[in-house]
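The structure appears below as structure tokens.
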Amino acid sequence: MNKYKIVLVFISLFSLYSCEDFFEFSVDMDVPPHQTKFAPSTLLTNNEANRTLFLSRSIGALENHEYDDVLYVENASVSINETPLNYILDDYQKGFYELPAGFQFIPNTTYNLKIEKSGFETVFAQQVMPVQVPIIDVELTDEILKVRFQDIPNEENYYIVVLLYGYNNDDNPIYIEPFTDEANYSTLTGGLVFRDAFFDGQEHTFKAKYSNYSQIGNYKVRLYHITKELFLHEKSIDLNFETSGNPFAEPNSLYTNITNGYGIFGLANMYEVTN
Amino acid sequence: MNDNLFPMRVITTFFLFFTISVFSQQYTISGYVEDAATGEKLIAANVYDSKTLKGTVTNNYGFFSLTLPKSEIELICSYVGYKDEKLNFDLTENKVLNFALHPDNALDEVVVVSKKNAPIEKRSQMSQIQVNVQDIERIPSLLGEVDLIKALQLLPGVQGGTEGLNGMYVRGGSPDQNLIILDGVPVYNVSHLFGFLSVFNTDAIKNVTLTKGGFPARYGGRLSSVLEINMKEGNDKEYHGEGSIGILSSRLTFEGPIIKNKSSFLISGRRNYIDLLARPLIKSAAKDSGENIDFSAYFYDLNMKLNYKLNDKNTLFLSTYLGSDRFGSTIESKGYNGNDYYKSKGGIDWGNVISAFRWNKVINSKLFANTTITYSRFNFNFEAGEEDYYNGTLNSFDARYQSGIYDWGFKTDFDYAPNPNHAVKFGIGDTYHTYNPGAITIKGIDQSEIEEFFKKQKSMFSHELAAYVEDDITLGALKANVGLHFSGFKVENSFYTSLQPRIGMRYLLSDKLSFKASYASMTQYINLLTNESIGLPTDLWVPSTGRIKPQKSWQVAIGGASTLKKGIEASVEVYYKEMNDVISYKEGATFLNQLESWENKITQGFGQTYGSEFLLEKKHGKTTGWLGYTLSWNNRQFDDINFGKIYPYKFDRRHDFEIVASHKLSEKVILNGTWVYGTGNAITLSEAIYDIDIYNENSGNYNYANSVDLYGEKNSYRMPAYHRLDVGIEFIKKKKWGERAWSLSIYNAYNHRNPFFIYLGENYDYNPNTGESTSTKAYKQVSIIPILPSFSYRFKF
């Protein structure tokens with residue numbers, strides 16, 4: 001009978017031992033200290049719509065940072081093919097650099113981005129300006145957007161389609177939804193980004209759904225012919241947002257083409273149709 | 001040398017191997033080996049001539065065939081836990097001998113037991129472990145629930161995935177790469193209670209064999225392991241029962257003869273009863289707040305088996321498994337006027353139905369046939385909905401999701417034993433699969449207008465054919481299992497074929513030490529779409545198609561095996577495995593997106609695993625158990641994941657150590673314990689953040705910054721190491737009516753906080769003086785299972 005008592009006491013002691021902070025608590029992970037780096041993000045075109053570069057800086061995941069504080073860098077030296085970009089003085093949107101007026105990208109030409117500032121490692125990136133891919137026609141019926149264009153054969157091509165409507169003289173992208181997961185949301189433009197894997201060299205009609213709650217009257221449709229690097233970045237950013245905060249989701253790495261830094265230097269040749 | 005004669009020479013040599021015995025006057029002894037008390041056939045019992053040491057083992061149905069030269073022989077039949085049977089006679093003609101072995105109750109006291117089963121160093125099969133069901137029942141378990149899969153996780157080369165769940169990762173393979181067969185029928189989902197328990201009721205199980213590599217040619221269809229489980233046949237001598245009462249569930253088994261010595265049955269059931277206990281309490285509490293709540297949270301399973309011995313040469317078997325889980329609730333509340341109401345409901349259920357009809361036929365003393373017709377079905381259903389009736393207007397919403405897989409199969413297997421140096425197995429089979437990858441139905445009533453939505457992923461059908469031949473060859477100190485497995489898969493307009501060579505061999509370096517080596521290539525045509533974190537019943541079985549190629553692997557292993565002092569078996573194995581076209585969800589893909597074809601959601605890539613395993617096992621004596629250690633590497637590479645760079649698999653575990661021990665203090669008291677240690681799972685952590693230029697949907701402006709998490713390389717960090725001690729004690733008492741045992745066990749005895757997942761969160765500090773709180777960022781660990789004492793009561797009559 002003593003054996004039974006011993007066992008019961010044993011179990012009771014261990015049951016009492018359970019503590020409240022068992023289920024969730026801070027843990028030290030062997031993450032190396034983070035060295036802050038430049039993190040530019042931009043999609044540049046010849047059109048007025050996309051002429052700015054936003055320059056952020058990285059901070060370690062454990063560094064305290066207010067949610068509303070923007071991580072921007074001002075007064076850095078930013079140049080493309082040694083042409084300096086101008087820092088935009090704006091109290092509300094800080095960290096933006098603008099291409100000088102008259103600067104035009106030439107298709108199939110290589111462009112080099114360089115960003116310098118004391119206290120940061122200089123970063124570089126390179127892009128080749130894609131050629132323009134014209135839209136053949138556009139159709140908006142039954143809340144379905146159809147954009148027809150001719151893909152360039154025998155090469156990998158990447159695109160963004162954006163639907164905008166005019167409101168107070170501003171261009172406002174309308175949320176469009178893909179029919180397949182072959183397209184991802186483009187964070188830089190508010191459109192959809194996709195590749196020509198299944199229609200190489202063919203005439204293709206890209207379809208997307210939109211909600212006609214705003215009764216679109218005047219609209220614009222843009223087709224950006226973008227670089228592969230920009231495509232990879234946009235796709236990875238979209239998945240990053242989707243999986244953020246979900247401990248069961250597999251987090252994805254962010255694509256970058258910035259040497260010594262993070263972010264994206266992307267070029268695109270845009271074609272626009274207005275009704 | 002004339003090359004044209006070469007094939008003829010090969011055939012002649014092969015033929016000579018089989019017929020040489022004819023010229024030296026050989027006779028065949030054949031028959032069955034069974035438990036004298038129950039009539040249960042004994043698998044892998046040893047039958048040998050003690051003078052020449054030539055022998056064989058019984059097959060999966062207890063049948064043996066041994067051909068020996070005309071002579072005076074001493075035939076011994078032995079099996080672990082049973083007394084040897086010896087027969088001396090002159091072998092002058094073919095003989096049929098059936099052995100009925102008696103349990104040896106004094107066996108535990110025997111320190112050294114030799115030749116009970118073929119010692120590990122004598123077996124040509126490597127990377128295979130036979131697990132004793134009694135050992136499994138003694139392992140201390142979570143909430144006192146004996147669980148087969150969790151016991152297997154304690155073996156070297158086998159890892160559990162997430163804490164407390166029954167995922168099984170064998171030599172780096174994923175759970176879908178395990179062929180789990182119950183009485184020859186594939187089981188597609190082995191989970192009860194979302195994976196906390198497996199569907200296998202140990203009371204109904206006779207035999208468990210896990211093969212991790214060096215697969216004999218008779219196995220096919222999966223890349224990483226074969227878990228073969230045989231149900232008991234039922235006592236054909238007298239009626240018996242056993243059962244247990246535990247915290248989570250209770251089980252009861254009853255078996256006995258239908259016609260004594262000719263026909264028997266076994267029926268075994270299990271059910272949990274949380275819902276039965278909690279339902280009245282919840283209903284009562286809800287009534288006080290004016291609500292009516294009904295909920296279900298249960299699982300059950302039922303194993304049944306019938307067999308009928310037509311005559312000495314023909315036996316029929318029918319085995320069935322039914323099991324299901326159901327979790328759901330309905331909440332209803334009435335409006336003040338008595339007419340209005342609001343009702344919401346939701347739930348999921350899933351389950352397997354498995355059945356096999358088997359015919360054993362002894363064609364002649366050397367040839368045995370087993371023909372089986374099988375059926376297997378796995379279904380998953382999800383439903384959610386609500387009804388809102390207000391002022392005479394009904395608004396409602398009802399959504400259902402269903403998926404599943406159904407199989408019909410037929411196969412015939414033959415065992416042919418031409419002489420003691422050859423044991424040939426060959427067979428053919430076909431399985432017809434039906435896949436329902438998911439259908440979603442949504443029905444809504446808005447202001448009395450009915451709107452319906454239905455989307456069904458296309459059902460698919462396939463034939464999976466298999467044929468094999470293998471020979472267990474003995475050539476002096478060399479014993480080899482050589483075979484060829486052919487498989488074909490017809491799906492839509494595609495037809496895949498695969499020829500898979502298999503070889504396993506052992507060479508006796510001394511009487512106690514052998515060298516072993518094996519090579520096996522495998523092909524898998526059906527795939528499980530699952531996330532890497534936890535196995536849910538939402539996981540989908542889907543076939544290879546024109547777009548999705550079959551998964552293929554090859555594995556090579558070398559090792560050594562020896563029986564040390566006191567009957568301790570030791571083995572060391574080193575293995576290397578490559579897997580091509582393994583599948584994974586693309587980053588961000590989810591089963592919930594029914595608008596997308598499942599083929600678009602997955603990507604195929606490459607897997608590579610290698611490592612070494614060490615096992616010391618003591619099967620006899622007062623103290624029994626094993627000590628296992630695995631050192632392994634496990635990597636994956638997909639073009640669409642991690643930018644195409646190779647990365648460690650989530651369950652890449654460098655070190656995995658386990659010790660399982662049972663000590664008999666007396667006939668009445670047994671102490672049990674396990675301790676496990678494993679390198680932490682690989683995880684991806686957010687290392688930094690930065691802001692990007694983003695179009696903001698809410699503000700309608702470009703040039704608005706938003707933070708993004710900058711993760712390190714995929715799976716480049718490690719969770720803290722996992723370790724856990726479980727202890728238990730069992731008090732056994734003989735009663736007039738049979739035997740009863742109280743089991744007390746403590747899971748995670750030193751209350752170690754093992755990681756379930758880690759995330760980047762915040763700690764909040766409140767300053768009572770200023771009334772302000774500040775936050776600091778921190779990596780936070782979530783653990784789920786603290787120290788858990790439990791008890792259960794078992795009985796046998």
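Letters A, B, ... mirror the listed sequences (proteins, then strands); counts begin at 1.
- The part of B:I784 that comes within reach of chain A is its backbone (N, CA, C, O), which places non-hydrogen atoms under 4.5 angstrom from that chain.
- The side chain to side chain donor-acceptor pair (under 3.5 Å) search around B:S783 returns B:Q781, not counting sequence neighbours.
- For B:S716, no part lies near chain A; criterion is any non-hydrogen pair under 4.5 Å.
- With a threshold of 4.5 angstrom between heavy atoms, B:L685 approaches chain A through side-chain atoms but not through N, CA, C or O.
- A:H34 and B:A688 get closest at one heavy-atom pair: CE1-CB, 3.5 Å.
- Proximity to chain A is limited to the side chain of B:P720, based on heavy atoms less than 4.5 angstrom apart.
- With sequence neighbours left out, the side chain to side chain donor-acceptor pair (under 3.5 Å) criterion links B:T776 to no other residue.
- Between A:D30 and B:Y717, the shortest heavy-atom contact is O-CE2, 3.6 Å.
- Rounding to the nearest 0.5 Å places CG of A:L62 at 6.0 Å from CG of B:L760.
- Of all heavy-atom pairs between B:Y779 and A:A61, the closest is OH-CB, 3.8 Å.
- The number of heavy-atom neighbours closer than 6.0 Å to NZ of A:K207, taken from other residues, nucleotides and ligands shown, is 12 or below.
- Not one N or O on the side chain of A:S41 forms a donor-acceptor pair closer than 3.5 Å with the backbone of B:I692.
- Here A:S236 contributes atom OG and B:N642 contributes atom CG; the two are 11.5 Å apart, rounded to the nearest 0.5 Å.
- Taking A:T42, A:D28, A:V27, A:I237 one by one and counting their heavy-atom pairs under 4.5 Å with chain B, the maximum is reached by A:V27.
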Next item on the list: Give the C-alpha distance, both sets of side-chain angles, the deciding distance and a yes or no for side chain to side chain contact (heavy atoms under 4.5 Å, CB included) between A:F25 and B:V782.
Entry: CA-CA 7 Å; A:F25 55 94; B:V782 173; over 6 Å; no
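- Listed options B:E713, B:E762, B:E687 were ranked by heavy-atom pairs under 4.5 angstrom with chain A; first place goes to B:E687.
- With a threshold of 4.5 angstrom between heavy atoms, B:L788 does not approach chain A through any atom at all.
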Next item on the list: Evaluate the criterion side-chain hydrogen bond (donor to acceptor under 3.5 Å, both in side chains) for residue pair B:N763 and A:S26; output intermediate values, then yes/no.
Entry: CA-CA 8 Å; B:N763 285 327; A:S26 297; 2.7 Å; yes
Next item on the list: Run the numbers on B:D691 and A:R57 for side chain to side chain contact (heavy atoms under 4.5 Å, CB included), then give the verdict.
Entry: CA-CA 7 Å; B:D691 286 343; A:R57 64 185 170 87; over 6 Å; no
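- Within a 6.0 Å sphere centred on NZ of A:K117, heavy atoms belonging to other residues, nucleotides or ligands number more than 12.
- Between B:F756 atom CZ and A:E24 atom CD the span is 12.5 Å, to the nearest 0.5 Å.
- With rounding to the nearest 0.5 angstrom, the CG atom of A:N240 is 5.5 Å from the CG atom of B:D709.
- Here B:Y690 contributes atom OH and A:T36 contributes atom OG1; the two are 12.5 Å apart, rounded to the nearest 0.5 Å.
- For B:I758 against A:M29, the heavy-atom pair with the smallest separation is CD1-SD, 3.8 Å.
- With contacts defined as side-chain heavy-atom distances shorter than 4.5 Å, the pair B:V708/A:F241 qualifies.
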